[in-house]
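Below, read A as the first sequence line, B as the second, and so on, with proteins coming before strands; counting in each chain starts at 1.
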Number of protein chains: 2
Amino acid sequence: MADRYHHGNLRQALIDAGIKIINENGEEALSLRKAAAACDVSHAAPYAHFKDKDELLEAIKKSVTDKFTGELETAVKGAGSADEALIAMGRAYISFFSRNPDYYMFLFGKQNISAHLQMNKENKEDYPPFLLLRKFYKLHLKENGIKISSEEQEIELIKTWAIVHGMASIACMKGVKTSFDWNDPDARLIT
Amino acid sequence: MADRYHHGNLRQALIDAGIKIINENGEEALSLRKAAAACDVSHAAPYAHFKDKDELLEAIKKSVTDKFTGELETAVKGAGSADEALIAMGRAYISFFSRNPDYYMFLFGKQNISAHLQMNKENKEDYPPFLLLRKFYKLHLKENGIKISSEEQEIELIKTWAIVHGMASIACMKGVKTSFDWNDPDARLIT
DNA sequence: TACTCTATCTTGACAGTGTCAAGTTTGGAG
DNA sequence: CTCCAAACTTGACACTGTCAAGATAGAGTA
């Protein structure tokens, strides 16, 4: 019989299988046993790599967040100015969740966001997408010669993030359909 | 023995027990069997009132949404103008979820929002809080003599909703703490 | 080579879950 | 008074997360 005791890369295989199950049937459908079965492995095998179900979930979230952050960074690459970058980022942000509505609740639901990221517990402001936003916001201030207090900056940052994040959130509410095309070309960011 | 076959008002009792369990231990902790036990009733009794667990969940969501909408309406009552009403509403909106962070994901997570509301399937824009916002936004335009196209109005509405909803959402992200007090007195609404 | 150690995986078990089928009770309509 | 239908109970099933105990095999050591 083949080697039933050494899968080789079970940890990653479980993450991949988990993502596939969630994509096809939603987060509710994911069970440790199904993920294990998808990897042709016994129901308790995952416990060699994850403490419990939550730990697998967190690993999957990290994987998805990495993809999300990657899309934001790609969107920013082609921008000629900080203003363009911010707009592109906002579009990419909304577009990501508009294309994958299930991911919104999966990423932001239930668990503490910092749990699945390598975030500093002391300074909790280093959520990667927010870091990217802050970076280009500061560049935007510099390029346009705007001078405001750092406190005011923080408020503006939150407002900007809130409007984009809020639009993404609303775009994911399947029950609330507005006469609004989330992917139309329309500058509606930056106060 | 007492009457074990006629609870009297089991349906409402299950909803109340469900809310209590969710408040104390989170949505995850709610099971039909626990809610039934809390009502001193057998594990299958809920099926006389709810088709399945989701139907109980929807009933609970409706109950919470009613409370939320009620708070918004109360906040609006004391306002002297539409502008004041809008600001009060925004504060109440954020305050509600800031005080009950678990409710955010409970209400907006997973299920279709329209499922637990008596919403018209044809016109999906009648989410009660949004209706309230639209009402006072139109009043705001009127009071200030602002004239813009209805299309533009809709975009402004979504933007306003998005910034408030987004702030509420961010306020509920326990892992992402910003140097921002969500309850401070500060006019930051209405574009 | 032979021997052990340890991470990895299996098997078996347990309590808890949602759900259904079938039986029991009871108030109220006829 | 009879009978019905709604409300509830009991019992069962498949499925879940989790743990304990055992099996396996590669890697290192002698």
Please give, in whole Å, the distance from C:dT6 C1' to A:Tyr5 OH?
15 Å
Proximity to DNA chain C (any heavy atom under 4.0 Å), residues of residues 38-46 of chain B only:
B:His43, B:Ala44
Sorted by number, residues from residues 10-26 of chain A placing a heavy atom under 4.0 Å from DNA chain C are A:Leu10
In whole angstroms, the gap separating C1' of D:dC15 from CG of A:Leu30 amounts to 14 Å
For B:Asn144, all residues meeting side-chain hydrogen bond (donor to acceptor under 3.5 Å, both in side chains), sequence neighbours excluded
none
Run the salt bridge (charged side-chain N to carboxylate O under 4.0 Å, His left out) test on A:Arg99 and A:Glu71 for me, step by step, so that the C-alpha distance in whole Å, both residues' side-chain angles and the decisive distance to 0.1 Å come before the verdict.
CA-CA 12 Å; A:Arg99 277 177 287 119; A:Glu71 284 198 17; 2.7 Å; yes
OP1 or OP2 of D:dT18 versus the side-chain N and O atoms of A:Tyr47: is any pair under 4.0 Å?
yes
The criterion is side-chain hydrogen bond (donor to acceptor under 3.5 Å, both in side chains); which residues satisfy it with A:Tyr137, sequence neighbours excluded?
none
With sequence neighbours left out, write down each residue that passes side chain to side chain contact (heavy atoms under 4.5 Å, CB included) with B:Lys138, or none if nothing qualifies.
B:Arg134, B:Gln153
Whole-Å gap separating P (C:dG16) and NZ (B:Lys53)
15 Å
What residues form a side chain to side chain contact (heavy atoms under 4.5 Å, CB included) with B:Lys135, not counting sequence neighbours?
none
Could a donor-acceptor pair under 3.5 angstrom be found where the side chain of B:Arg33 meets the base of C:dG18?
yes
Side chains of residues 10-20 of chain B: which donor-acceptor partners sit under 3.5 Å, not counting sequence neighbours?
residue: B:Gln12; atom: NE2; partner: B:Asp16; partner atom: OD1; Å: 3.1

Show which side-chain atoms of residues 30-51 of chain A pair as donor or acceptor with protein atoms under 3.5 Å away, not counting sequence neighbours.
residue: A:Ser31; atom: OG; partner: A:Lys34; partner atom: N; Å: 3.0
residue: A:Lys34; atom: NZ; partner: A:Ala29; partner atom: O; Å: 2.8

Those residues at least two apart in sequence (or on a different chain) that pass side chain to side chain contact (heavy atoms under 4.5 Å, CB included) with A:Ser149 are A:Glu151, A:Glu152
Do the rings of B:Trp161 and B:His165 sit parallel, tilted or perpendicular, given the 30° and 60° boundaries?
perpendicular
Whole angstroms only, please: what is the CG-P distance between B:Asn9 and D:dA7?
11 Å
ring-ring contact (aromatic ring centres under 6.0 Å, His included) pairs touching residues 54-85 of chain A, sequence neighbours excluded, are A:Phe68-A:Tyr93, A:Phe68-A:Phe96, A:Phe68-A:Phe97
Report the end-to-end axis angle of the helix from C:dT1-D:dA30 to C:dG30-D:dC1; each axis comes from five terminal pairs, and the value is rounded to 10°.
10°
OP1, OP2 of C:dC9 versus side-chain N and O of A:His49: anything below 4.0 Å?
yes
5' priority, DNA chain D, between A:Lys51 and A:Lys34 [closest heavy atom]
A:Lys34
If you measure only the distance, is there a donor-acceptor pair under 3.5 Å linking the side chains of A:Thr69 and A:Tyr127?
no
